Protein chains: 2
Amino acid sequence: MSSKQEFIEKLRNSSLRPTKQRINICEVLFNRDKTFHFTINDLFNLIKDKTGEKVSLATVYNTVHAFHKKGYLKEIPINSNQTYFDTNVTDHHHFFDVKEEKLIDLKNEDVGPIEIQKSIPGKKIKSVEVLVKLED
Amino acid sequence: MSSKQEFIEKLRNSSLRPTKQRINICEVLFNRDKTFHFTINDLFNLIKDKTGEKVSLATVYNTVHAFHKKGYLKEIPINSNQTYFDTNVTDHHHFFDVKEEKLIDLKNEDVGPIEIQKSIPGKKIKSVEVLVKLED
DNA sequence: TCGTTGTTTATAATTATTCTAAAGAAGATT
DNA sequence: AATCTTCTTTAGAATAATTATAAACAACGA
């Protein structure tokens with residue numbers, strides 16, 4: 001449970017002006033116990049439902065990208081026509097239920113350590129992501 | 001080096017009629033030594049270049065999807081605006097050079113074994129994919 | 001050869017995302 | 001508080017990838 005005040009500080013600390021819209025988006029994204037997987041469209045609809053206030057789609061895009069850039073959101077690679085984001089920005093992996101189009105977190109302990117025994121000169125590893133697809 | 005005749009058989013065996021267009025696409029996709037990573041648009045352009053014959057974009061989409069369904073192509077999960085495919089349908093992983101937008105194969109030996117120590121009732125694992133993003 | 005069914009194609013439609021430019025709000029300065 | 005600057009929001013247009021449509025065409029079987 002985070003308070004409005006905390007969100008305002010968080011935004012200020014990131015040199016993002018604490019606007020009504022951004023605070024509403026924070027409420028929806030970060031005011032929850034469990035990690036949250038979503039598409040922009042999910043979020044767009046949830047904001048209306050949860051806060052009663054409408055935020056334009058463009059602002060949702062802007063804000064999600066801003067939060068992603070600041071490291072408050074993580075983009076999840078799935079083959080789908082829509083981009084998925086995750087409020088859990090720690091290093092972790094995912095199940096993807098292909099039929100239900102649903103993402104499920106894998107704790108780091110759920111996946112053994114991953115050793116990459118190859119390197120490309122001049123490049124360093126930015127991230128290692130495992131995606132486990134599930135079928136019935 | 002596969003021959004035209006082999007492609008025709010391959011197509012027939014999959015109950016896909018061996019049309020000129022499909023055979024051309026096979027030549028471009030499967031008549032090569034190394035694995036091939038591509039987007040639909042890459043392929044569309046390559047067909048013109050390599051075979052001299054033009055195939056409509058819609059047919060490229062149709063054929064790639066048909067081949068994917070038959071298991072001759074693999075879709076690769078990357079966060080990008082375009083969908084990537086791979087002619088290497090065996091179980092393997094990838095580097096993705098974020099800057100150059102280029103995929104590089106990881107042999108299975110290059111990645112230690114991956115243990116998934118969690119399961120979802122009623123679901124079974126369809127695939128396990130590792131994507132290693134690279135930066136400079 | 002003829003009829004059936006599958007395929008190709010140009011084009012239109014759809015969908016996710018980004019761009020644009022004008023109106024509005026936040027922050028700093030006096 | 002009034003003003004100025006800068007950032008933000010917004011509706012709507014623009015773009016880009018993909019999918020749908022429906023008519024012309026080609027492969028197959030009888």
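Since the structure is predicted, the reported quantities are computational estimates derived from the model, not experimental observations. Lettering of chains follows the sequences in order, A, B, ..., and the numbering in each one begins at 1.
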Tell me what [X] touches on the nucleic acid: a base, only sugar-phosphate, or nothing, going by heavy atoms under 4.0 Å.
X	result
A/T59	base
B/N41	nothing
A/T39	nothing

message = So if I take every side-chain heavy atom of B/Y61 and compare against D/dT19, D/dT10, D/dT8, which nucleotide ends up nearest?
response = D/dT19

request  = Please tell me which of B/K54 and B/L16 maps to the more 5' nucleotide of DNA chain C, matching each residue to the nucleotide holding its nearest heavy atom.
outcome  = B/L16

query = Hey, does the side chain of A/R22 come within less than 4.0 Å of D/dT9's phosphate (OP1/OP2), counting only N and O?
reply = yes

Phosphate OP1/OP2 of D/dA26 contacted by B/Q21 side-chain N/O (<4.0 Å) = no

Expressed as a whole number of angstroms, how long is the span from [X]:[atom1] to [N]:[atom2]?
X	N	atom1	atom2	result
B/L57	D/dT19	CG	C1'	11 Å
A/I8	D/dT8	CD1	P	15 Å
A/R12	D/dT8	CZ	P	12 Å
B/N62	D/dA26	CG	P	17 Å
B/K69	D/dT19	NZ	C1'	14 Å
A/F44	D/dA11	CZ	C1'	11 Å
B/E9	D/dA27	CD	C1'	17 Å

query = Would you call the rings of A/F30 and A/F67 parallel, tilted or perpendicular if under 30° counts as parallel and over 60° as perpendicular?
reply = tilted

task = Using the six-membered ring wherever Trp is involved, compare the ring planes of A/F36 and A/F38 and label them parallel, tilted or perpendicular (cut-offs 30° and 60°).
result = parallel

message = Under 4.0 Å between a side-chain nitrogen and a carboxylate oxygen: does that hold for A/K133 and B/E75?
response = no

inquiry  = Could you check whether B/D136 pairs with A/K124 (Lys NZ or Arg NE/NH1/NH2 to Asp/Glu carboxylate O, under 4.0 Å)?
reply    = no

message = List the residues meeting side-chain hydrogen bond (donor to acceptor under 3.5 Å, both in side chains) with B/E27, not counting sequence neighbours, and say none if there are none.
response = B/N31

inquiry  = Would B/K123 pass as a cation-pi partner of A/F95, given that its NZ or CZ must be under 6.0 Å from the six-membered ring centre and within 45 degrees of the axis?
reply    = no

ask   = Which sits closer to the 5' end of DNA chain D, B/A58 or B/K20, going by the nucleotide each is nearest to?
value = B/A58

task = Say whether A/H92 and A/N108, considering side chains only, have a donor N or O and an acceptor N or O under 3.5 Å apart.
result = no

task = Tell whether A/R17 reaches the base of D/dT6 with its side chain through a donor-acceptor pair below 3.5 angstrom.
result = yes

message = Using a 4.0 Å cut-off to any heavy atom of chain A, which nucleotides of DNA chain C are the first and last in contact, reading 5' to 3'?
response = C/dA16 to C/dG27

